[in-house]
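Beneath this line is the structure, given in structure tokens, with notes to follow.
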Number of protein chains: 2
Amino acid sequence: MIPIGNATDARSRLLAAAVESFAARGFHGTTTRDIASAAGMSPAALYVHYKSKEDLLYLISRNGHAQTLQLVREAVGSSNDPVEQLLAVVRAFTIHHARGHTSARIVNYELAALSPDHLKEIAAIRRGIEKEMRGVVEAGAAVGAFRTSSPQMTALALLSLGIDVARWYRDEGEWGPEKIADYYCELALRLVGAQREPPTMETATTLSSGTTAPQTRAVLPDQTRISST
Amino acid sequence: MIPIGNATDARSRLLAAAVESFAARGFHGTTTRDIASAAGMSPAALYVHYKSKEDLLYLISRNGHAQTLQLVREAVGSSNDPVEQLLAVVRAFTIHHARGHTSARIVNYELAALSPDHLKEIAAIRRGIEKEMRGVVEAGAAVGAFRTSSPQMTALALLSLGIDVARWYRDEGEWGPEKIADYYCELALRLVGAQREPPTMETATTLSSGTTAPQTRAVLPDQTRISST
DNA sequence: CTTATTTCTAAGCGTTTGCTTAGTCTTCCC
DNA sequence: GGGAAGACTAAGCAAACGCTTAGAAATAAG
């Protein structure tokens with residue numbers, strides 16, 4: 001079989017091969033021989049670098065979850081305005097699940113194959129991610145920027161939309177990760193019931209000092225802003 | 001192992017056992033011995049009633065997809081008003097994926113385990129489901145009841161939300177299928193940019209008689225309509 | 001050079017896999 | 001009763017499974 005990825009060290013090649021295989025056929029549908037041969041090695045080579053097949057899954061899952069949590073935290077930390085936070089989180093989360101759909105599929109759909117101990121550890125990271133999203137929606141609701149009767153369920157729906165991108169996204173599709181993310185940002189504003197003006201505290205002066213380019217701030221115009229490019 | 005389900009005929013017990021097993025551990029994570037013993041039978045009994053393990057998956061998947069398509073079509077057929085159609089579809093779809101999360105997990109996450117021929121057949125049903133949802137959003141957009149720049153992507157997001165319920169739903173959770181469906185109906189109205197009032201009987205005829213009737217109304221109600229029960 | 005260490009393979013161990021075979025038991029029709 | 005048909009099991013087969021062993025090859029240090 002053709003070795004996967006550009007020739008780096010064997011350890012990385014095995015990991016990349018495992019990601020591809022687990023994503024394509026699932027953990028239980030993948031054999032250690034699949035992984036080894038996709039990395040251009042003999043079956044035994046896997047055990048020089050990794051303890052077991054489950055260990056590979058654990059490392060992939062932990063790394064993927066940690067990445068996601070970090071990306072969400074950075075997005076939330078990028079602003080004090082809930083609207084900006086929401087947009088940053090949804091954009092980053094969506095792009096991550098589209099561009100990284102291969103590993104995201106393992107992260108989100110192979111949890112049951114983890115050992116009980118490993119699952120417990122991963123579940124804690126997932127709760128961290130959910131907590132961040134809930135925090136953004138609650139903050140927006142608290143300052144009147146969002147109108148939602150259940151921030152908890154709305155946050156769940158927002159995560160749900162992003163996660164499911166990993167399921168349906170195809171590289172051959174017409175919509176690329178950025179375009180999907182743009183659209184999902186608009187959908188997110190609708191979901192949380194974003195109000196026209198960010199109502200509180202400082203106005204545009206402090207807000208425009210953010211890292212990202214200050215977009216026009218009419219949150220929900222009569223004509224939808226959703227890009228059609 | 002304890003036999004699954006109330007003692008009906010062996011064939012049904014095997015099918016129910018397969019649904020439980022596939023949903024819990026995935027197709028490849030389930031052995032034919034798991035299924036047989038969960039149905040309280042010997043491993044060979046499975047082959048009296050089914051051709052193969054994959055045949056069981058196929059039957060479960062086909063039945064589940066057919067059910068979903070039917071439910072979506074009935075919902076769309078229940079009204080001529082796109083708003084009502086949307087609410088009916090989202091409600092039925094959401095409840096289906098919550099209450100039937102076990103089989104819905106197989107339907108949505110075990111497609112890769114189907115044989116190529118079976119997958120082709122199932123994919124056709126899935127396209128039918130997508131077509132129905134897209135039709136509703138497009139119809140709503142056409143009569144000015146919805147505001148969305150991409151009915152296609154909005155329809156995808158609506159399906160996405162519903163499908164992902166099967167992933168996160170837990171029977172022990174606080175929110176039951178109906179309550180989630182109520183909430184998701186409100187979210188759906190926001191997603192499609194539903195205009196303020198679903199047309200009443202009188203206005204409906206008036207509005208639908210005109211070709212466009214571009215209602216310049218507020219995109220979202222100032223007070224959220226999401227029920228807080 | 002020798003020696004130690006690391007990376008990898010060929011071979012294969014013991015178990016589990018999907019599925020088959022051969023035969024038993026029950027049911028139903030005559 | 002006899003006999004056919006269907007439902008089921010005990011036993012097991014060939015292949016595939018996760019993983020180990022023994023040793024070769026390569027590298028580096030003294």
Requested in this report: Begin from the C-alpha positions of B:Leu111 and B:His65 and carry the test side chain to side chain contact (heavy atoms under 4.5 Å, CB included) through to its verdict.
Outcome: CA-CA 11 Å; B:Leu111 293 168; B:His65 278 91; 3.9 Å; yes
Problem set entry | Test salt bridge (charged side-chain N to carboxylate O under 4.0 Å, His left out) applied to B:Glu178 and B:Arg99, step by step | CA-CA 9 Å; B:Glu178 286 80 9; B:Arg99 190 176 292 143; 2.2 Å; yes
Stepwise side chain to side chain contact (heavy atoms under 4.5 Å, CB included) check, A:Leu158 with A:Leu86: CA-CA 10 Å; A:Leu158 287 166; A:Leu86 179 76; 3.7 Å; yes
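At whole-Å resolution of the value, OH in B:Tyr47 and C1' in C:dG18 are 4 Å apart. Atom pair B:His28:NE2 and C:dG18:C1' shows a separation of 13 Å (rounding to whole Å applied). Between the CG atom of A:Leu46 and the P atom of D:dG18 there is a distance of 10 Å, rounded to whole Å. Rounded to an integer number of Å, the gap from A:Arg13 CZ to C:dT7 P is 13 Å. Regarding B:Glu54, its CD atom lies at a distance of 19 Å from the P atom of C:dT17, rounded to whole Å. In this entry the distance linking CZ of B:Arg25 with C1' of C:dT17 reads 15 Å, nearest Å. Distance B:Leu14 CG to D:dC8 C1': 11 Å, rounded to the nearest Å. Rounded to whole Å, the distance from CE on A:Met41 to P on C:dC8 is 4 Å.
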Polar atom pairs (N or O), protein with nucleotides 10-17 of chain D, under 3.5 Å:
{"from": "D:dG12", "atom 1": "O6", "to": "B:Arg33", "atom 2": "NH2", "distance (Å)": "3.4"}

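In this structure, CE on B:Met153 lies 5.0 Å from CD1 on A:Ile180, to the nearest 0.5 angstrom.
In the model, B:His96 has no side-chain atom that pairs as donor or acceptor with a side-chain atom of B:Gln67 under 3.5 Å. Side-chain polar atoms of B:Thr148 and A:Tyr183 form a donor-acceptor pair below 3.5 angstrom.
Note on B:His49: every side-chain N or O is 4.0 Å or more away from OP1 and OP2 of D:dG6.
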